[in-house]
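Structure record follows, encoded as structure tokens.
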Number of protein chains: 2
Amino acid sequence: MDVRTLCLGILTFGDATGYEIKKAFEDRLGLLYDASFGSIYPALNKLTEQGLISCREESQDHRPDKKVYSVTQEGQLEFIKHLQRKPKADKYRSDTLATMMFAHLLSPGKVATLLDNYIETCEENIATLSEGCDMKSSLSEKFLCGFGIAVKTASINYIRENRHLIEAESLLADSAAE
Amino acid sequence: MDVRTLCLGILTFGDATGYEIKKAFEDRLGLLYDASFGSIYPALNKLTEQGLISCREESQDHRPDKKVYSVTQEGQLEFIKHLQRKPKADKYRSDTLATMMFAHLLSPGKVATLLDNYIETCEENIATLSEGCDMKSSLSEKFLCGFGIAVKTASINYIRENRHLIEAESLLADSAAE
DNA sequence: CTGTGCATGTAAATCGTTACATGATTGC
DNA sequence: GCAATCATGTAACGATTTACATGCACAG
């Protein structure tokens with residue numbers, strides 16, 4: 001799903017400014033998708049052009065003016081139509097795991113450190129998600145949060161139980177290099 | 001990791017043509033990364049320009065000529081240097097899961113179908129990975145394969161146990177719409 | 001007085017896919 | 001005869017990030 005579509009979707013939860021949409025990306029979809037201002041603002045302009053959202057300007061005291069966006073009927077319909085499409089396959093990108101494919105080029109110490117750091121990051125993710133999970137209002141947010149926790153927990157367990165495989169590969173290459 | 005770097009890495013396993021590198025992406029990294037010819041061939045040309053790989057042309061009987069690439073010493077060093085860098089955070093992109101965030105706009109039937117299909121896809125992934133896992137020669141490949149299986153298995157279990165959350169959200173919105 | 005939060009935007013650069021272009025061989 | 005596999009490449013297009021540009025308010 002591209003930023004444009006996701007912005008439209010986020011606005012179905014209620015009116016918001018570009019700035020708030022950025023936060024919604026972090027809060028609601030942080031696990032899956034993110035977007036920078038450089039993609040959000042142009043996306044909002046395009047959606048407005050297309051009549052899928054509307055915009056009203058509000059001036060504030062002690063704050064910069066803001067543009068509050070709302071979904072139009074066409075926008076809501078367009079988004080629902082988009083949701084009917086066959087979802088694309090998941091994609092899991094991991095620099096660390098990719099690096100592990102080249103364990104034959106790394107020292108056993110480096111491999112161990114990478115795996116330790118990876119586990120640590122997963123644990124931090126779980127902590128953040130657990131914290132957030134209770135605060136979330138909607139069931140779907142709890143669902144996604146829990147999904148993240150489940151996947152990260154499984155990742156940690158797998159690595160703890162199988163890191164010897166990758167560490168062996170590195171050792172092997174290391175001794176061969178002598 | 002970008003395609004250029006990954007091509008360099010794949011070549012550390014042995015010489016290969018662009019075509020074979022494409023297959024290596026599928027075989028070794030299919031779970032994590034993929035690349036099209038449109039990115040591989042230009043990457044190989046650039047790496048050659050930079051002197052990180054070298055190229056020899058081989059003509060074949062009954063087959064088109066091919067260009068076989070090898071990593072140079074500089075290339076190997078450059079790649080190892082790249083591996084030392086702090087790996088970027090993992091990113092899990094899922095259209096299906098993102099769609100679930102908008103369950104309030106979907107019929108309960110649609111949500112159920114999406115989840116069923118998602119589980120089915122995960123099961124297919126697991127089957128493919130299990131099959132492949134035995135055939136893999138290197139320990140690191142087995143490790144990655146196993147990782148995929150572990151994550152997908154955890155995903156399925158989580159969804160089976162928690163799909164009621166998301167299905168409730170959809171039902172709620174559905175009844176409110178009446 | 002410095003960083004953080006609020007608030008919006010543009011332009012350049014990066015990275016990648018898709019589609020096109022070409023062409024032989026092998027298996028069904 | 002048609003699809004698949006082998007084999008290489010370019011060009012158009014799309015999406016997104018990064019860096020830049022601006023500016024006020026509040027807390028430590």
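Letters A, B, ... are given to chains in the order of the sequence lines, protein chains preceding strands, and every chain is numbered from 1.
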So for atom CD, which belongs to B/E58, do other residues, nucleotides or ligands contribute more than 12 heavy atoms lying within a distance under 6.0 Å? yes
For DNA chain D, what residues of residues 19-33 of chain B have any heavy atom nearer than 4.0 Å? B/Y19, B/K23
Within 45° of the axis and under 6.0 Å from the centre of the six-membered ring of B/Y118, does NZ or CZ of B/R163 qualify? no
Where is the tightest heavy-atom contact between B/E74 and B/G51, given as atom of each residue plus distance? OE2-O, 3.7 Å
The reported gap from CD in A/E167 to CG in A/L172 (rounded to nearest 0.5 angstrom) is 13.0 Å
Would you compute the distance between atom CG of A/L129 and atom CD of A/E131 and round it to the nearest 0.5 angstrom? 10.0 Å
With B for base contact, S for sugar-phosphate-only contact and - for none (protein heavy atoms under 4.0 Å), nucleotides 11-26 of chain D reads ----SSBB----B-S-
Just how far, in rounded Å, is P of C/dA7 from NZ of A/K66? 5 Å
By ring-ring contact (aromatic ring centres under 6.0 Å, His included), which residues pair with B/Y19, not counting sequence neighbours? B/F37
Between P of D/dT8 and CG of B/L44, the distance in whole Å: 9 Å
Any chain of hydrophobic side-chain contacts (each under 4.5 Å) joining B/L106 to A/F13? yes
Applying side-chain hydrogen bond (donor to acceptor under 3.5 Å, both in side chains) as the test, list every pair that has at least one member in residues 2-13 of chain B; sequence neighbours left out. A/H104-B/T12, B/D2-B/T5, B/R4-B/Q50
B/K22: side chain to side chain donor-acceptor pair (under 3.5 Å) partners, not counting sequence neighbours: B/E26
B/I80 backbone acceptor or donor facing B/Q84 side chain under 3.5 Å: yes
Is the phosphate of C/dC6, meaning OP1 or OP2, less than 4.0 Å from a side-chain N or O of A/Q60? no
Between B/E57 (CD) and D/dT8 (P), how many Å, whole number? 9 Å
Terminal axes of the helix from C/dC1-D/dG28 to C/dC28-D/dG1 (five pairs each): angle between them, nearest 10 degrees: 40°
Without decimals, in angstroms, what is the distance between A/E58 CD and C/dC6 P? 16 Å
All heavy atoms of B/V71 vs all of B/L11, minimum pair found to be CG2-O, 3.2 Å
B/Y41 has an atom OH; how far is it from atom C1' of C/dG16, in whole Å? 17 Å
